[in-house]
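Heads up, the thing below is written out as structure tokens.
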Amino acid sequence: MSQTTTAATMHTEDVSVWFGQRQVLDKVNLTFPSHQVTALIGPSGCGKSTFIRTLNRMHELIPGAGLAGSVFLDGGDIYGEDVDAVDVRINIGMVFQKPNPFPTMSIKENILSGLRLSGRKINGADEIVETSLRRASMWNEVKDRLNDQALSLSGGQQQRLCIARSLAMNPKVLLMDEPCSALDPGSTRRIEETIKELSSQMTIVIVTHNMQQAQRVSHQTAFFLADDNTPGGVVEFGPTEMVFKNPQDPRTNDYVNGHFG
Amino acid sequence: MSNFLERPSVQPWARVKKSQQLELILASVLPTVIALFVVNVFGVHGAFGMITVFLPLQILAAGFVGVRRFGKKGFGDSLLLVSTISFAALVAVLLLSVLYSVIIKGFPALSAHFITQNNVYVSTTTSLEYGGVGHAILGTLLVVVLATLAAVPLGLAMAVFLTQSQSRLTGPVRSFTQALAGLPSIVSGLFILSILPFLGMERSGLAGAMALFPLMLPTVARVAEEALRLVPADLRMAALALGAPNYRAFFQVILPAAKSGVVTAVLLGLARIVGETAPLILTLNANVSTNLNPFEGGIAALPTYVYGFISSGYDTSLSRAWGAALVLVILVGILFGLARVFSRSKSLKTKSSSKKKGNK
């Protein structure tokens with residue numbers, strides 16, 4: 001059932017970000033190896049959500065946003081001069097904090113929407129729908145109501161539908177920006193299971209405020225922090241177990257043990 | 001189960017006690033009774049009586065009950081309640097009385113031939129058995145459709161520009177649209193009339209449509225802008241994150257989500273121009289026969305027909321004018337109904353088709 005996906009390695013070089021005159025990120029260097037889940041943690045306002053948006057060029061859609069540095073996908077700079085942002089986003093999927101299925105479309109149409117929106121031909125629609133929903137582990141729940149409106153689903157199901165919608169595109173990398181923060185514990189658990197299964201097929205980057213979640217799902221963790229009035233940056237980056245059990249930086253220690261933030 | 005039903009009856013918690021209910025009834029009925037009494041005995045009538053006698057009494061009574069039940073806060077609440085209900089009723093009365101007088105005065109003129117025939121051989125005193133507004137109905141439809149064909153695409157394009165673009169020109173374009181919305185309709189008619197010689201045109205259906213166009217455009221643009229603005233930015237982001245170019249994100253996600261609002265924009269634009277009289281008097285060359293050529297020859301429209309016959313003052317011509325007014329109101333009603341059905345039918349279609357596919 002599971003499709004073989006060409007997972008890709010991503011890495012960033014000196015990524016700095018501005019909103020207008022204000023710098024919010026300073027020289028972030030991270031590597032996301034293929035088949036690995038990387039968790040981005042840190043207090044609110046440290047720039048981790050901003051950072052994840054630079055990885056698929058969603059950042060540049062915000063008015064006044066500026067960027068320096070490079071992001072490489074399998075060695076090619078996604079900010080290269082002849083690279084189209086639209087092609088980047090086809091290869092690098094994104095799941096948002098709030099479930100955002102398309103309200104005018106059915107469950108099935110939502111799954112196929114990515115292919116339609118990016119102007120690709122759809123061969124074997126039913127198979128794509130089934131595979132994508134199975135990969136998001138919700139096929140059994142919705143297989144009898146594929147033509148129902150997407151908004152008839154519960155919040156947790158909607159979020160998994162959004163994941164399935166991204167998976168239908170067969171992305172090399174999946175970015176998730178706090179995908180469980182609007183969901184109940186049961187839905188959160190199911191999404192975490194999905195993430196673990198998907199990690200064998202693709203590269204995943206997930207922003208989370210939930211320390212336990214980061215430990216449960218990720219292989220490596222990056223801790224972001226922005227001191228007062230300075231741009232945010234990575235304080236510590238390493239295997240998840242190291243970051244949580246044996247942090248090198250006292251600030252990381254304080255944060256993962258709940259002393260601040 | 002039966003046990004549950006036979007359980008000794010537990011009374012649900014009563015929100016309003018019996019004595020309070022009595023107070024409420026008294027407070028609603030007494031002011032009306034007193035007002036009726038005063039109106040009949042002292043002979044203050046109509047709106048004057050409503051405002052000077054009934055409204056203060058009702059406010060007093062509601063205020064009294066409000067204070068008794070909720071203390072000082074209750075007075076403000078009751079005041080708000082009475083005034084909102086009164087003014088909402090006033091709006092309903094205004095609308096209904098307009099409809100009432102149009103129907104009462106226009107109905108006698110209505111007949112099959114009144115709707116289908118044109119006005120050739122009809123003078124102001126000809127009896128209602130002859131002639132009709134058929135030519136004016138067609139003329140109105142022709143002129144309005146022409147104006148709509150130009151104003152809707154352009155208005156929607158403006159709305160898209162105002163909501164989707166990050167250009168610095170959005171501010172000026174928005175103020176320009178608002179200024180255009182304030183353009184008096186007769187000025188629009190005068191303007192078109194004055195440029196007709198330069199265009200080498202005569203007064204015609206096309207000229208009428210040109211005069212209506214600047215009136216419809218800002219309404220469509222502004223209402224469609226509001227509709228598009230209500231679509232959550234999340235949806236656009238989701239579409240772009242899936243690798244959609246801007247135009248596909250717009251046509252496949254944003255526009256469908258705003259569809260009912262966009263239909264409303266077109267409807268309000270139609271409503272704005274379908275009854276316009278002044279610009280059409282200036283730019284159409286009134287005609288009594290049917291003419292479907294917008295480029296030359298006189299053409300009649302319902303509003304100009306009403307104006308023409310109401311000006312002459314004979315009983316028969318007044319009846320014709322009211323009849324035409326009723327036809328205009330019905331026409332607007334049909335347009336609104338059609339647009340509503342059209343905007344809803346698509347979602348119904350997807351639902352029924354989903355059932356079919358689901359069964360197979």
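A note on names: the letters A, B, ... follow the listed sequences, proteins ahead of strands, and every chain is numbered from 1. As the structure is a computational prediction, the values presented were derived from the model and not from experiment. Heavy-atom basis, side chains included; hydrogens, waters and symmetry copies ignored.
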Partners passing salt bridge (charged side-chain N to carboxylate O under 4.0 Å, His left out) against B/R272 (at least two apart in sequence or in another chain)
B/E276

Minimum heavy-atom distance A/R116-B/R248, with the two atoms named:
O-CD, 3.6 Å

Non-hydrogen contacts under 4.5 angstrom with chain A: give the residues of residues 234-245 of chain B involved, or none if there are none.
B/D234, B/L235, B/M237, B/A238, B/A239, B/L240, B/A241, B/L242, B/G243, B/A244, B/P245

Could you tell me if the side chain of B/V253 sits less than 4.5 Å from the side chain of A/M105, heavy atoms only?
yes

Please look at A/R53 and chain B and tell me whether the side chain, the backbone, both or neither of the residue comes under 4.5 angstrom of a heavy atom of that chain.
neither

Could you tell me which residues in residues 59-66 of chain A have at least one non-hydrogen atom under 4.5 Å from a non-hydrogen atom of chain B, sorted by residue number?
A/L61, A/P63

CZ of B/R229: more than 12 outside heavy atoms within 6.0 angstrom?
yes

Name the member of A/P101, A/G119, A/S106 that forms the most heavy-atom pairs with chain B at distances under 4.5 Å.
A/G119

Keeping to residues at least two apart or across chains, list the ring pair (Phe, Tyr, Trp, His ring centres under 6.0 Å) pairs with something in residues 77-125 of chain A.
none

Counting only heavy atoms not in B/F191 (residues, nucleotides, ligands), do more than 12 fall under 6.0 Å from its CZ?
no

Contact class of A/R165 relative to chain B, heavy atoms under 4.5 angstrom:
both

Under 4.5 Å from a heavy atom of chain B, the part of A/L115 involved:
neither

